[in-house]
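The structure under discussion appears below in the form of structure tokens.
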Amino acid sequence: MTATPIVIDCDPGIDDAIALLTAFVSTELDIRAITPVCGNQPLERTVRNALTVCELAGRCDIPVHPGCFRPLFREPIHGQFHGRGGLGNAELPEPTKRAERRSAVDFLIEALEAAATGSRLTICCLGPMTNLAVALRMKPAIAAGIERVVMMGGAYREPGNRSLTSEFNVLADPHAAGIVFSSGVPIVALGLDVTHRVMLQPAHVARFGDMSGPIAKTIFDLMAFWDRNDVRRYGSRGGPLHDPLVIAYLLAPQLFRCERARVFVEHESELCMGQTVADWFGKTGGEANVEIATEVDAAVLELILGRLARYDAHVRA
Ligand code: RIB
Ligand code: CA
């Protein structure tokens, strides 16, 4: 089976790092590049974290192209649950791997122009969608090179996580999200409606404490920090596996149920800034270009943990 060519646009971030590590050991995926963006952390830190996670996993073959320094219009906001450096208590060295000189936007434009006449690329957005929005604004024709965008973001029937109405990735750059949702490209949206149902609980984390090797230890450290310990909000201990669900969708889409809709993003209201508003029934006309994930099979958690267990040095000869 031919591996799916993808670009991972992200803001590492603990769950971004877990998503990257899941993708690195999934041979179904051909990771063409990583394009960090300002989000959970300022850009300098998300770039540094992407580089060090690549180095940890022996994936220095994957180019890292630095993206946008800040959102399109609004003031930057950063993540609250990722620890001071963005990777919780995971102690990773300063990377020796260097970022590419070409920016994420220039890379996306060149790669997607080439992909338009070849095998189109799947763009996995795990953070604010500033990079892709700028690339689409600079060269709208690159949409022809996009197989689909699979993004973690939005809250469609679920309340927000960073504000009453809005999910962090969309709230952090609502204008960028609006550009991408209205671009007409095919989108799969994995929002809080499904990510809040995939909770990484202490018992799952404990498994990685029994594994051997530096990567398994880092996975344990990342996961242990991710426990929100907010049973009232989530119904259990643990943390929602937001970004890894994007990788899981690529590996096993059959574990998800999606409903088609158009999606609009609020960017005027102070109270509802970043709210994703779904037109489920075609009331606004226009093409419904977004598959919103509304249900997820619990098996998705074992899929992700099973991939991550491949880093257990005990297992590899
Ligand atoms: O709301 C969850 C999203 O915000 C995830 O991508 C997490 O990494 C943060 O960026
Ligand atoms: Ca993220």
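No experiment lies behind these values; they were computed from the predicted model shown. We count ligands from 1, going down the list as the structure has it; atoms in each ligand are counted the same way.
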#### Entry: Protein contact to atom 10 (O) of ligand 1 [nearest heavy atom, distance to 0.1 Å]
N169 OD1, 2.9 Å
#### Entry: Residue, atom name and distance, where the atom is the protein heavy atom closest to atom 6 (O) of ligand 1
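Here the closest protein heavy atom is D243 OD1, 2.6 Å.
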Per-atom contacts of ligand 1 with [X], taking only distances under 4.0 Å to non-hydrogen atoms:
X	answer
D11	10 (O)
E167	1 (O), 2 (C), 3 (C), 4 (O)
D16	8 (O)
M152	2 (C), 3 (C), 5 (C), 6 (O)
D15	5 (C), 6 (O), 7 (C), 8 (O)
N40	7 (C), 8 (O), 9 (C), 10 (O)
L126	6 (O)
F168	1 (O), 4 (O), 9 (C), 10 (O)

Counting distance only, does the side-chain N/O of [X] pair as donor-acceptor with the main-chain N or O of [Y] below 3.5 Å?
X	Y	result
H82	L87	no
S26	E28	no
R307	L303	no
N49	P12	yes
D279	R262	no

### Query
When N40 is tested against each of D16, N169, T46 for side chain to side chain donor-acceptor pair (under 3.5 Å), which residue passes?
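Only one of D16, N169, T46 forms a side chain to side chain donor-acceptor pair (under 3.5 Å) with N40, namely D16.
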### Query
For E91, does the CD atom have more than 12 heavy-atom neighbours from other residues, nucleotides or ligands under 6.0 Å away?
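No - once you tally the heavy atoms of other residues, nucleotides and ligands closer than 6.0 Å, there are 12 at most.
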#### Entry: Part of N161 with heavy atoms under 4.0 Å of ligand 1, whether side chain, backbone, both or neither
side chain
### Message
Heavy-atom pairs closer than 4.0 Å: do any link ligand 1 to the side chain of H82, the backbone, both, or neither?
### Response
side chain
salt_bridge([X], [Y]) N-O dist < 4.0 Å:
X	Y	answer
E100	R32	no
R59	D61	yes
E110	R102	yes

### Query
D11: which N/O/S atom is nearest the Ca ion (ligand 2)?
OD1
### Query
Looking at the Ca ion (ligand 2), which N/O/S atom of D243 is the nearest one?
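The atom in question is OD2.
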### Query
Can you tell me if an N/O/S atom from D16 lies under 3.0 Å from the Ca ion (ligand 2)?
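Yes, within the cut-off.
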### Message
At less than 3.0 Å, would any N/O/S atom of L126, backbone or side chain, sit next to the Ca ion (ligand 2)?
### Response
yes
### Task
Using distance alone, decide if ligand 1 has a nitrogen or oxygen within less than 3.5 Å of any nitrogen or oxygen in H242.
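Not met; the criterion fails.
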### Task
Anything under 30° is parallel, anything over 60° is perpendicular, the rest tilted; go ahead and classify H242 against H196.
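Plane angle between 30° and 60°, so tilted.
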